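Inspection log for the structure reproduced underneath, given as structure tokens.
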Protein chains: 2
Amino acid sequence: MYYTVGEIAKKMEVNASTIRYYDKEGLLPFVKRSNGGIRMFKDQDMGMLNIIGCLKQTGMSIKDIKTFVNYYESGDDDFNKRMNIIENQEKLVQLQMENLQKNLNMLEYKKWYYTKAKQLGSLDNVEKLPKTDIPKMFHKFLTK
Amino acid sequence: MYYTVGEIAKKMEVNASTIRYYDKEGLLPFVKRSNGGIRMFKDQDMGMLNIIGCLKQTGMSIKDIKTFVNYYESGDDDFNKRMNIIENQEKLVQLQMENLQKNLNMLEYKKWYYTKAKQLGSLDNVEKLPKTDIPKMFHKFLTK
DNA sequence: ATACAACTTAAAGTTAACTTTAAGTCAAGA
DNA sequence: TCTTGACTTAAAGTTAACTTTAAGTTGTAT
């Protein structure tokens with residue numbers, strides 16, 4: 001069972017031209033062609049397409065994804081290189097999540113701030129609140 | 001107490017030219033100038049700089065941050081607009097985190113996969129494993 | 001008063017990751 | 001066989017968010 005570039009694009013929820021671009025950049029060396037030159041994706045290719053999508057969604061550049069893909073082409077003999085890339089990416093994702101969590105806390109603070117401003121009638125009145133009236137979790141966001 | 005563009009850039013861990021670019025794009029209408037034209041940042045400005053940094057780090061475009069900032073300039077009278085932006089951004093951040101978590105799970109699967117390949121001697125041997133030998137949490141990543 | 005590091009602007013340059021265009025080819029159905 | 005929608009490539013275009021450059025100004029320290 002084979003899939004065309006358009007079918008794969010739909011599955012991956014990207015533009016077909018994006019898939020062609022990835023191919024041109026060397027991310028899809030495993031994709032075979034028909035006699036007429038049409039790309040023929042196999043079910044078996046989905047594993048690689050998914051990991052490529054995963055690396056892309058977690059911020060890896062096309063260039064670095066290419067490096068990763070090329071370790072596959074060079075055979076079965078060294079899992080460590082691929083493993084290192086995966087483990088490093090895992091650490092990067094954890095950092096991204098920690099950073100997002102910090103930013104989420106800041107947004108929570110701003111929400112509290114505006115809610116309080118509505119209650120008290122103005123932003124100035126929130127600024128005048130004693131520190132004891134500000135939830136402890138928000139103290140780190142105070143500028144003065 | 002005033003800070004120059006360079007001092008603020010250091011605090012925010014960005015290039016000074018980035019701050020100037022943000023100013024040019026209308027993100028910093030609250031920054032006053034000296035008679036000679038030098039930007040003078042106040043401690044009081046840090047709150048806005050921090051929320052700008054937060055919105056930027058969570059993926060908001062310069063254009064949309066500008067919209068948010070402009071609600072401040074238009075005064076104290078409508079917290080709802082700012083609140084809506086903050087709440088919407090919060091939802092976006094939650095989606096980002098959920099997405100990162102899914103990708104982290106995929107990376108975990110790949111790590112398991114390579115570890116297993118090392119144990120069994122080849123990638124093919126991992127492919128041959130019966131489903132019962134694959135942790136349940138990874139079943140969703142199986143392509144066949 | 002002079003030096004000099006850091007500031008100023010406008011404009012041009014950079015980068016990554018697509019996206020579009022143009023001109024043509026493939027392959028499945030009527 | 002013909003039509004037609006989806007495929008092909010190479011090359012040019014787009015976008016956002018900076019970053020650099022050039023030429024000049026400011027302000028602090030000696």
Side-chain angles (χ1 to χ4, degrees), chain A residues 1-42 45 48-49 51-70 89 92 96 99 103, chain B residues 1-42 45 48-49 51-70 89 92 96 99 103:
Chain A
M1 183 52 185
Y2 293 108
Y3 307 96
T4 65
V5 79
E7 288 163 336
I8 288 295
K10 217 167 245 174
K11 274 196 203 200
M12 308 266 299
E13 300 184 338
V14 297
N15 196 312
S17 68
T18 303
I19 303 283
R20 292 193 192 101
Y21 165 70
Y22 287 173
D23 196 6
K24 200 175 75 179
E25 292 300 306
L27 263 52
L28 314 175
F30 49 86
V31 177
K32 300 292 176 286
R33 302 286 187 118
S34 74
N35 287 340
I38 307 283
R39 288 176 189 83
M40 297 165 75
F41 292 82
K42 296 194 275 292
D45 296 336
M48 270 308 277
L49 290 172
I51 181 72
I52 287 170
C54 174
L55 294 174
K56 190 195 109 195
Q57 283 184 58
T58 54
M60 189 178 282
S61 71
I62 298 291
K63 189 172 160 284
D64 287 352
I65 296 175
K66 183 178 174 176
T67 302
F68 176 80
V69 169
N70 284 341
Q89 194 67 7
L92 291 177
Q96 287 177 55
N99 197 39
N103 283 306
Chain B
M1 184 51 186
Y2 293 108
Y3 307 96
T4 66
V5 79
E7 288 163 337
I8 288 295
K10 218 168 243 172
K11 273 195 202 199
M12 309 265 299
E13 300 184 334
V14 297
N15 197 313
S17 67
T18 303
I19 304 281
R20 293 194 191 101
Y21 165 70
Y22 287 173
D23 196 7
K24 201 175 74 180
E25 292 299 307
L27 264 52
L28 314 176
F30 50 86
V31 176
K32 299 293 176 286
R33 302 288 187 117
S34 73
N35 288 339
I38 306 281
R39 290 177 188 82
M40 297 164 77
F41 292 81
K42 296 195 273 296
D45 297 336
M48 271 306 279
L49 290 171
I51 182 72
I52 288 170
C54 174
L55 294 174
K56 190 196 111 193
Q57 283 185 57
T58 54
M60 189 179 281
S61 71
I62 298 291
K63 189 170 160 284
D64 288 351
I65 295 175
K66 184 179 174 174
T67 302
F68 176 81
V69 169
N70 284 341
Q89 194 66 7
L92 291 176
Q96 286 177 56
N99 196 39
N103 283 306

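The model shown is predicted, which means the values in this text are computed figures rather than measured ones. Per chain, numbering begins at 1; letters A, B, ... match sequence-line order.
For the pair A:Lys11 and A:Tyr3, the distance from NZ or CZ to the six-membered ring centre is under 6.0 Å and the angle to the ring normal is within 45 degrees.
Within the 4.5 Å cutoff, no side-chain heavy atoms of B:Val69 are placed close to those of B:Lys66. Inter-residue side-chain proximity for B:Lys42 and B:Lys32 is flagged as met; some heavy-atom pair is nearer than 4.5 Å. At least one side-chain heavy atom of A:Leu49 sits less than 4.5 Å from a side-chain heavy atom of A:Leu28.
Rounded to whole Å, the distance from CG on A:Asp23 to P on D:dT9 is 7 Å. Taking atom CE on B:Met12 and atom P on D:dC18, their separation rounds to 11 Å, with Å as the unit. One atom, CD1 of A:Ile65, and another, P of C:dA16, lie 13 Å apart when rounded to the nearest Å. Distance CE (A:Met60) to C1' (C:dA17): 16 Å, rounded to an integer number of Å. Taking atom CG of B:Leu27 as the reference point, atom C1' of D:dA16 lies 13 Å away to the nearest angstrom. Per the geometry, CD1 belonging to B:Ile19 stands 11 Å off P belonging to C:dT8, to the nearest Å. If you measure from atom CG of B:Asn35 to atom P of D:dT25, you get 17 Å, rounded to the nearest angstrom. The separation between B:Tyr21 atom OH and C:dT15 atom P is 17 Å, rounded to whole Å.
Counting any heavy atom pair closer than 4.0 Å across all strands shown, B:Thr4 reaches sugar-phosphate atoms only and no base atom. Heavy atoms of A:Arg39 sit under 4.0 angstrom from primed sugar atoms or phosphate atoms, though from no base atom. When heavy atoms are screened at a 4.0 angstrom cut-off, A:Asn15 is found touching the sugar-phosphate backbone but no base atom.
A residue-by-residue look at B:Lys56 and B:Gly37 shows that B:Lys56 has its nearest nucleotide of DNA chain D further toward the 5' end. Across the interface with DNA chain C, nearest-nucleotide mapping of A:Ile62 and B:Val5 shows B:Val5 to be the residue nearer the 5′ end.
Taking 4.0 angstrom as the limit, B:Thr18 places none of its side-chain polar atoms (N or O) nearer than this to OP1 or OP2 of D:dA17. One finds a side-chain N or O of A:Arg20 lying less than 4.0 angstrom from the OP1 or OP2 phosphate oxygen of D:dT8. For B:Ser61, no side-chain nitrogen or oxygen approaches OP1 or OP2 of D:dA16 to under 4.0 Å. Regarding contacts with the backbone of C:dC26, every side-chain N or O of A:Arg33 stays at 4.0 angstrom or more from both OP1 and OP2. For the OP1/OP2 pair of D:dA17 and a distance below 4.0 Å, the side-chain nitrogens and oxygens of B:Tyr22 include no atom meeting the criterion. Using a 4.0 Å cut-off, some side-chain N or O of A:Ser34 falls inside it from OP1 or OP2 of C:dA27.
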Check the pair B:Lys56 / B:Ile65 against side-chain contact (heavy atoms from CB on, under 4.5 Å), numbers first and verdict last.
CA-CA 8 Å; B:Lys56 190 196 111 193; B:Ile65 295 175; 4.0 Å; yes

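In this structure, B:Arg33 pairs ionically with B:Asp23, as a charged nitrogen and a carboxylate oxygen lie closer than 4.0 Å.
Closest approach to the A:Ser17 side chain among C:dA27, C:dT19, C:dA11 is made by C:dT19 (side chain taken as heavy atoms from C-beta onward). In this structure, of D:dC18, C:dC7, D:dT8, it is C:dC7 that holds the atom nearest to the side chain of B:Ile38.
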